[in-house]
Number of protein chains: 2
Amino acid sequence: MVLDILKKNQLSVTEGRKKILELFLHNEGALAHADIEKKTGEMFDRVTVYRTLNTFVEKGIIHLIPTTDNSILYALCKDNCEAGHHHDNHVHFICDVCNKTTCLDEVTVPEVKLPIGFTPNHAEMVVTGVCDDCK
Amino acid sequence: MVLDILKKNQLSVTEGRKKILELFLHNEGALAHADIEKKTGEMFDRVTVYRTLNTFVEKGIIHLIPTTDNSILYALCKDNCEAGHHHDNHVHFICDVCNKTTCLDEVTVPEVKLPIGFTPNHAEMVVTGVCDDCK
DNA sequence: GTATTTTTGCAATAGTGTTGCAAGTTTAAA
DNA sequence: TTTAAACTTGCAACACTATTGCAAAAATAC
C-alpha cells in the first residue's frame with residue numbers, strides 16, 4: 001500500500017517516507033507537522049519531516065487544509081490518493097470538542113456566485129462544530 | 001470614526017490602536033501582522049501590534065481569515081464593524097496575481113449538508129482566482 | 001490633579017520553517 | 001552483484017513568527 005503510493009509517484013522508497021505515509025493511512029484526521037514529529041519521535045530529523053511533507057504535497061499525495069490559527073494541516077484523502085492526484089474539492093470539518101480535523105470526502109464545496117470582475121479558480125470550505133465521535 | 005469604534009468597544013484610546021485601526025479602514029484588503037509592522041514602521045513595538053490585533057479580534061472589530069500557508073490574515077469588514085460585532089459569514093477571495101485578500105461582504109457562505117452525526121457551528125469559505133483589479 | 005486601571009516597551013523565551021553542504025542511502029544499469 | 005549517478009538525510013546555522021513577565025508610561029475615572 002505504502003510502497004504502491006510512493007512508486008506511483010516516482011519517489012525513492014525511504015524509511016522516512018514510508019513511516020510518515022503510514023501515519024496518514026492509519027490516522028483518520030489531519031496532521032500538523034508537530035503531530036508527526038511527536039509520533040515519529042527521534043526517528044528522523046525535523047528537517048526531514050518538513051521536506052517529506054512538502055514532497056508529498058507537491059506530488060498530490062496529501063493536501064493542505066486552511067486554518068485561522070497559524071498552523072499548517074495536512075491530510076491524505078483516501079479516494080483521491082488512489083487515483084494518484086487530488087481533486088481536493090471537499091469540505092473539511094474541525095471539531096470544537098476534540099479539535100480533530102476530518103476530510104468530508106463525500107461533501108463537495110458548493111459553487112458561489114462572485115461579484116462582477118472576479119474569476120474563481122479554486123474554493124476551500126471549512127466547517128467547525130461537533131463531530132460524530134463527540135456528539 | 002476611529003474613536004467611535006474604539007469607544008463603542010470600551011477600549012482605551014491609544015496611539016497604537018488609532019493608527020492600526022486607521023490602516024484597516026483605509027485599506028481595501030486583509031492585512032497580516034507583517035504588513036502592519038511595515039506600515040507603522042518604528043512607531044510601535046512588535047509586541048504592541050500583536051496585542052492590539054488580538055484585542056481587536058476579541059472585540060470583534062476585525063476577524064481572522066483562514067489560509068493554507070501558515071499566515072494569519074486579519075480583516076475589518078465595513079458592514080459588521082458598524083454594528084459592533086461580526087457575523088462574519090461572508091466569502092473571502094485571495095487573488096492569485098496580486099495576492100491581495102478581499103472580503104466579499106455581499107457573498108454569503110452557502111449551507112452544506114453534513115454527514116449524519118456532524119453538527120455545524122460555523123463555516124468559512126475561501127475562493128482563489130483573479131480579482132477585479134487584475135483581470 | 002491625582003489615583004487607579006490599562007497599555008506599552010523591553011528582554012527573554014519558545015515555536016516554526018528554510019537553506020547549504022557533506023555524508024549516507026537508494027536506484028538503475030552494467 | 002557491483003558500481004556510478006541521483007537522490008535523500010542529518011546537522012548546523014539562520015530567519016521569522018509569536019508569547020510572557022515585569023517595570024515604566026499613558027489613559028481613564030474620580
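Per chain, numbering begins at 1; letters A, B, ... match sequence-line order.
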Identify each donor-acceptor pair in which a side-chain atom of residues 127-135 of chain B lies under 3.5 Å from a protein atom, sequence neighbours left out, and give them as a table.
unit_1: T128(B); atom_1: OG1; unit_2: H122(A); atom_2: N; d: 3.4
unit_1: T128(B); atom_1: OG1; unit_2: H122(A); atom_2: O; d: 3.3
unit_1: D132(B); atom_1: OD1; unit_2: K135(B); atom_2: NZ; d: 2.8
unit_1: D133(B); atom_1: OD2; unit_2: K100(B); atom_2: NZ; d: 3.3

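Closest approach to the Y50(B) side chain among dT20(D), dA18(D), dG10(D) is made by dA18(D) (side chain taken as heavy atoms from C-beta onward). For A34(B), whose side chain is taken as the heavy atoms from C-beta onward, the closest listed nucleotide among dT28(D), dT9(D), dT17(D) is dT17(D). Of all nucleotides listed (dC11(D), dT9(D), dT17(D)), dT9(D) comes nearest to the side chain of T48(A). Relative to the side chain of V47(B), the nucleotides dC11(D), dT17(D), dT20(D) differ in distance, and dT20(D) lies closest.
Comparing the start and finish of the helix from dG1(C)-dC30(D) to dA30(C)-dT1(D), five pairs each, the helix axis swings through 40°, to the nearest 10 degrees.
No donor-acceptor distance shorter than 3.5 angstrom exists from the side chain of R46(A) to the backbone of E37(A), with no hydrogens or angles considered. Of the possible polar contacts, one joining the D45(B) side chain to the V47(B) backbone as a donor-acceptor pair under 3.5 Å is found.
Between F118(B) and F93(A), the distance separating the two ring centers is shorter than 6.0 angstrom.
Within 4.0 Å (heavy atoms only), N54(A) reaches sugar-phosphate atoms of the nucleic acid but no base atom.
Taking atom CG on D45(A) and atom P on dA13(D), their separation rounds to 14 Å, with Å as the unit.
For the pair V49(A) and S12(B), nearest-nucleotide mapping onto DNA chain D gives the more 5' position to V49(A). Mapping T55(B) and R51(A) onto DNA chain C via the closest heavy atom, the residue that lands nearer the 5' end is T55(B).
Between dT8(D) and R17(A), a contact under 4.0 Å exists linking OP1 or OP2 to a side-chain N or O.
First and last contacts of DNA chain C with chain A, using any nucleotide atom under 4.0 Å from a protein heavy atom and ordered 5' to 3', fall at dT16(C) to dT27(C).
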